Amino acid sequence: MASVKLNKTDNRKINDLVAKYQEDDGRVSLFQSQLLSALDDSKDLAQHIHSIKTRLKDPEHLRNKLSRKFLKCKTTGNNFDITRDNLFVKINDLAGVRILHLYTRQIRDIDEMLRAIFDEQRYALVEGPFARTWDDESRAFFNSCNIEAQSSPSLYTSVHYIVSSASRTPVTCEIQVRTLMEEVWGEV
């Protein structure tokens with residue numbers, strides 16, 4: 001079986017999507033800033049977390065991600081349905097927020113506070129929360145908190161939320177919540 005490769009037309013589409021992101025990254029940055037402000041302003045949330053980190057997706061990382069998605073579509077015979085019009089909602093991690101806390105059990109309170117912030121700011125919870133974890137005991141705990149737990153081959157645990165802006169042109173952001181130790185382990 002021949003290996004599937006991207007052709008010039010495919011690469012032009014990917015380059016166009018990366019260019020769209022670079023042209024309009026201010027929209028992503030603005031939503032990330034608004035979300036960060038809402039999280040930072042919550043005194044209740046501050047009592048349960050250690051710190052918050054943010055990042056905007058590097059254009060080359062976006063190019064690699066789009067290439068992987070395009071190749072997967074070609075391999076499975078599916079249409080590559082990411083366009084300039086839906087890029088900011090189809091790729092959920094153009095903006096990323098990571099909330100670090102100390103103890104796994106704190107997620108119950110953190111989840112409640114995040115949902116209240118999303119509700120107050122009218123951010124739609126598009127996906128999640130769901131936890132990726134390798135540990136059976138952790139999966140049972142997350143399920144008891146009404147957080148869907150999924151098996152993960154990586155040896156760290158993280159709870160994920162995808163939220164959408166309340167703006168006329170929607171933008172999504174991925175929020176990951178994990179313990180400080182999980183963050184250190186993930187970096188290793």
Side-chain angles (χ1 to χ4, degrees), residues 14 17-18 20-42 44-45 48-49 52-59 61-66 68-70 72-73 76 78-101 106-133 139 142-143 145-152 154 156-178 182-183 186:
I14 290 168
L17 291 169
V18 172
K20 171 67 173 172
Y21 171 59
Q22 290 176 306
E23 291 163 15
D24 288 348
D25 67 349
R27 179 177 294 147
V28 178
S29 179
L30 175 62
F31 177 46
Q32 181 188 55
S33 295
Q34 292 168 338
L35 179 58
L36 183 58
S37 179
L39 297 172
D40 279 342
D41 287 348
S42 173
D44 292 333
L45 182 62
H48 296 279
I49 67 172
I52 299 176
K53 295 170 46 174
T54 62
R55 64 111 183 105
L56 293 177
K57 193 160 205 75
D58 179 87
H61 292 168
L62 175 59
R63 184 183 318 285
N64 292 338
K65 182 174 192 162
L66 292 169
R68 287 190 309 273
K69 286 182 173 290
F70 212 127
K72 184 176 180 182
C73 286
T76 59
N78 293 322
N79 286 331
F80 181 76
D81 63 350
I82 301 171
T83 66
R84 288 176 69 89
D85 293 332
N86 67 19
L87 175 67
F88 296 111
V89 293
K90 286 281 192 172
I91 304 297
N92 294 318
D93 65 345
L94 295 174
V97 173
R98 189 163 291 162
I99 300 172
L100 304 175
H101 59 103
Q106 290 174 301
I107 191 63
R108 193 180 310 268
D109 293 324
I110 292 169
D111 176 62
E112 182 181 318
M113 289 164 207
L114 286 176
R115 290 174 189 258
I117 292 167
F118 302 157
D119 185 54
E120 175 63 29
Q121 298 301 315
R122 297 186 178 178
Y123 297 147
L125 184 57
V126 177
E127 249 184 83
F130 60 90
R132 290 192 177 124
T133 184
R139 270 194 297 284
F142 289 121
N143 285 326
C145 298
N146 293 319
I147 297 173
E148 176 192 346
Q150 303 171 354
S151 292
S152 174
S154 63
Y156 71 90
T157 298
S158 187
V159 177
H160 300 255
Y161 300 78
I162 306 294
V163 294
S164 180
S165 65
S167 58
R168 188 172 295 131
T169 305
V171 176
T172 55
C173 177
E174 179 182 46
I175 300 170
Q176 292 183 15
V177 182
R178 62 173 67 155
E182 293 289 351
E183 177 71 359

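This chain uses plain numbering: 1 for the first residue, then up along the sequence. Values in this document were obtained by computation on a predicted structure and should not be read as measured data.
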Can you tell me if K69 has over 12 outside heavy atoms packed within less than 6.0 Å of its NZ? no
Can you measure from CG (L56) to CG (D93) and round to the nearest 0.5 angstrom? 11.0 Å
Check whether any side-chain N or O of R98 sits under 3.5 Å from a backbone N or O of V177 as a donor-acceptor pair, and report yes or no. no
For S152, give me all partners under side chain to side chain contact (heavy atoms under 4.5 Å, CB included), at least two apart in sequence or on another chain. R132, S154
Inter-residue atom distance L66.CG - L62.CG, 0.5 Å rounding: 4.0 Å
Can you find a heavy atom in the side chain of Y161 that is under 4.5 Å from one in the side chain of Q176? no
Could you pull out the closest heavy-atom pair between T133 and R139, with the gap in Å? O-NH1, 3.0 Å
Shortest non-hydrogen contact from P170 to S165? CA-OG, 3.5 Å
Considering only distance and modelled atom types, tabulate donor-acceptor pairs under 3.5 Å from the side chains of residues 114-124, sequence neighbours left out.
residue	atom	partner	partner atom	Å
R115	NE	D111	OD1	3.1
R115	NE	D111	OD2	3.1

F142 and T157: side-chain contact (heavy atoms from CB on, under 4.5 Å), yes or no, with the steps? CA-CA 11 Å; F142 289 121; T157 298; 3.5 Å; yes
Rounded to the nearest 0.5 Å, the OG1 atom of T54 sits from the CD1 atom of I52 at a distance of 9.0 Å
Can you tell me how far the CZ atom of R27 sits from the OG1 atom of T169, to the nearest 0.5 Å? 4.5 Å
How long is the gap from NE2 on H160 to CD on E148, to the nearest 0.5 Å? 11.5 Å
So, taking the atom named CD in Q150 and the one named CG in N143, what distance separates them when rounded to the nearest 0.5 Å? 10.0 Å
Please test C173 against F31 for side-chain contact (heavy atoms from CB on, under 4.5 Å), starting from the C-alpha separation and ending with a verdict. CA-CA 8 Å; C173 177; F31 177 46; 3.5 Å; yes
Could you give all pairs that pass the ring pair (Phe, Tyr, Trp, His ring centres under 6.0 Å) test and reach residues 79-99, with sequence neighbours left out? F70-F80
Result block: side-chain N/O donor-acceptor pairs under 3.5 angstrom for residues 32-42, not counting sequence neighbours:
residue	atom	partner	partner atom	Å
Q32	NE2	R55	O	2.8
Q32	NE2	G96	O	3.2
S33	OG	S29	O	3.0
S42	OG	L45	N	3.0

Heavy-atom closest pair (A131 atom, I147 atom, distance to 0.1 Å) is N-CG2, 3.8 Å
Partner residues of T172 under the side-chain hydrogen bond (donor to acceptor under 3.5 Å, both in side chains) criterion, sequence neighbours left out: N92
Whether over 12 other heavy atoms sit under 6.0 Å from N79 CG: no
Would you say K90 and D81 make side-chain contact, with heavy atoms under 4.5 Å? yes
Any residue meeting side chain to side chain contact (heavy atoms under 4.5 Å, CB included) with E112, in chain and number order, not counting sequence neighbours: none
What pair of heavy atoms forms the shortest contact from L100 to E183, and how long is it? CD2-CB, 3.7 Å
What one should report as the nearest heavy-atom pair of H48 and D109 is CE1-OD2, 3.5 Å
Donor-acceptor contact below 3.5 Å, side chain N86 vs main chain T83: yes
Give me the atom names and distance for the closest heavy-atom approach of I107 to H101. N-CE1, 4.4 Å
